[in-house]
Trainee: 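Handing you this structure, nothing more for now.
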Amino acid sequence: MDYEQAMGMGNDTVVRRVRHFDLEQTLDCGQCFRWRKNADGSYSGVALGRELTVGQRGGDLIFHDTAPGDFRRLWRPYFDLDRDYGAVKRALCSDSVMRRAVDFCPGMRVARQEPWEALCTFIISQNNNIPRIKGIVQRLCEGFGRLLPGGGFAFPGPERLAGLQPQDLADIRSGFRARYILDAVRLVHAGELELDTLYTLELARARESLMRVKGVGPKVAECALLYGLGRAECFPVDVWIARALEQLYPGGFPAAFAPVAGIAQQYLFHYIRHHPGDSGNSKE
DNA sequence: AGCCAGGGTCTGC
DNA sequence: GCAGACCATGGC
């Protein structure tokens, strides 16, 4: 476990001595689209149907208006705090390229988002850029999500999106992805795609299931599995990762990293986006 | 102004 | 099986 202690402090929960965790590196690395940075450096967002503001001071995390029980039940798994990132990073750092990527964002963690939200947001992500993805997701939630006590909006589930017309999704400027979202809604709402079974289903079959949705190809399926279903071995290849592989791993990505390839991918994604010219010939 | 974006589908060889 | 046009939209 990557923290020492979680204790209530008034209405908040303080998590002491959290290791391998940085809010910005985790919440602004292109894996989730609903968090915003506040003026004081904390982050606010909606996940798991809840509003949360979480700050970081020294080695501690402060979960505002959160009971310790809710931290343990909701946010500890969400932020993947039960995984030993020290061990993951040590393994990855045996490779010089991965060491550079990990050193660039040593506090990045792969969040465990809800399956439907991950599937839906990564359908929206296709041939799109991150700022605009965030905008579309925000309008989707404001338009169709449940209003929460703090004024935020939950991510709308398939039951809330069932019955929408393509025009409704054109209105939030989702472009050609509107019918893809609706096809995912249809399959999930009809019970023809049971996302909860994909946590443990054999990977090849899980991929096939997801790719029955129109607009879901290998990359989006891989994202849904990695970010939404906790399948750390999944390895989404977008244009950035394709470039990184081309520039940094002409001989192929190390097979030894397979069990945590998705986490490696996330370090690499964040690194290459901030070092677009890196061709791998660093002297360090 | 134009290229590009956490891609996928469809068509034509 | 594989290349290429096409898809909406807007960030930069």
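Just so we're on the same page: letters track the sequence lines, and every chain starts at 1. No hydrogens, no waters, no symmetry mates; every other heavy atom, side chains included, goes into these values.
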Trainee: Using whole Å, what does the distance between atom P of nucleotide C:dC6 and atom CD of A:Gln126 come to?
Mentor: 17 Å

Trainee: Any donor-acceptor pair under 3.5 Å between the side chain of A:Tyr180 and the base of B:dG7?
Mentor: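 Absent.
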
Trainee: Return whichever of A:Gly215 or A:Asp238 has its heavy-atom-nearest nucleotide of DNA chain B closer to the 5' end.
Mentor: A:Asp238

Trainee: Flag as yes if A:Phe269 stacks onto the base of B:dG6 (centroids under 5.5 Å, planes under 30°), otherwise no.
Mentor: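 Here the ring of A:Phe269 and the base of B:dG6 are stacked, with centres under 5.5 Å and planes under 30°.
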
Trainee: Does the ring center of A:Phe79 lie less than 6.0 Å from the ring center of A:Phe71?
Mentor: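 No, the ring of A:Phe79 stays outside the 6.0 Å limit from the ring of A:Phe71, centre to centre.
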
Trainee: Ignoring hydrogens and angles, does a donor from either the side chain of A:Glu222 or the base of B:dG7 sit under 3.5 Å from an acceptor on the other?
Mentor: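 Per atom types, no contact qualifies.
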
Trainee: Tell me what A:Cys32 touches on the nucleic acid: a base, only sugar-phosphate, or nothing, going by heavy atoms under 4.0 Å.
Mentor: nothing

Trainee: Can you tell me, in whole Å, how much space there is between the P of B:dG8 and that of C:dG10?
Mentor: 22 Å

Trainee: When only distance counts, do a donor and an acceptor, one from the side chain of A:Arg173 and one from the base of C:dT9, lie under 3.5 Å apart?
Mentor: no

Trainee: Here's a test of your reading of the structure: between A:Gly30 and A:Lys214, which maps to the more 5' nucleotide of DNA chain B?
Mentor: A:Gly30

Trainee: How many Å lie between CZ on A:Phe122 and P on B:dA5, as a whole number?
Mentor: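 The distance from CZ of A:Phe122 to P of B:dA5 comes to 16 Å, rounded to the nearest Å.
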
Trainee: Taking only Lys NZ, Arg NE, NH1 and NH2, and the carboxylate oxygens of Asp or Glu, determine whether A:Arg100 and A:Asp103 approach each other closer than 4.0 Å.
Mentor: no

Trainee: Could you give the CZ-to-C1' distance, from A:Arg132 to C:dG11, as a whole number of Å?
Mentor: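 Answer to the nearest Å: 9 Å.
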
Trainee: Measure the distance from NZ on A:Lys219 to C1' on B:dT9 and round it to the nearest whole Å.
Mentor: 17 Å

Trainee: Would you indicate which nucleotide in C:dG10, C:dA8, C:dC12 comes nearest to any side-chain atom of A:Phe176?
Mentor: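 For A:Phe176, the side-chain atoms sit closest to C:dA8.
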
Trainee: Figure out the CZ/C1' separation between A:Arg243 and B:dC3, and round it to whole Å.
Mentor: 12 Å

Trainee: Does a salt bridge link A:Asp238 with A:Arg273, judged by any charged N lying under 4.0 Å from a carboxylate O?
Mentor: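 A salt bridge is absent here (no side-chain N lies under 4.0 Å from a carboxylate O).
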
Trainee: Rounded to whole angstrom units, what separation is found between the CG atom of A:Leu210 and the P atom of B:dG8?
Mentor: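 So the CG-P distance, A:Leu210 to B:dG8, works out to 12 Å.
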
Trainee: Over how many whole Å does the gap from A:Phe33 atom CZ to B:dG6 atom P extend?
Mentor: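 One finds 9 Å between P of B:dG6 and CZ of A:Phe33, rounded.
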
Trainee: Rounded to whole Å, please give me the gap between CZ in A:Arg177 and C1' in B:dG8.
Mentor: 11 Å

Trainee: Can you check the distance between C:dA5 and B:dC3, where both ends of the measurement are the P atom (answer in whole Å)?
Mentor: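 Result for the P pair: 14 Å, nearest Å.
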
Trainee: A:Tyr43 and A:Asp28: side-chain donor and acceptor closer than 3.5 Å?
Mentor: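 No donor-acceptor contact under 3.5 Å links the two side chains.
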
Trainee: Would you check if the side chain of A:Arg160 reaches a backbone N or O of A:Phe144 as a donor-acceptor pair within less than 3.5 Å?
Mentor: yes

Trainee: Please give the distance between the P atoms of B:dG6 and C:dC12 as a whole number of Å.
Mentor: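 About 10 Å, rounded to a whole number of Å.
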
Trainee: Please tell me which of the listed nucleotides, B:dG6, B:dG8, C:dA8, lies nearest to the side chain of A:Pro218?
Mentor: B:dG8

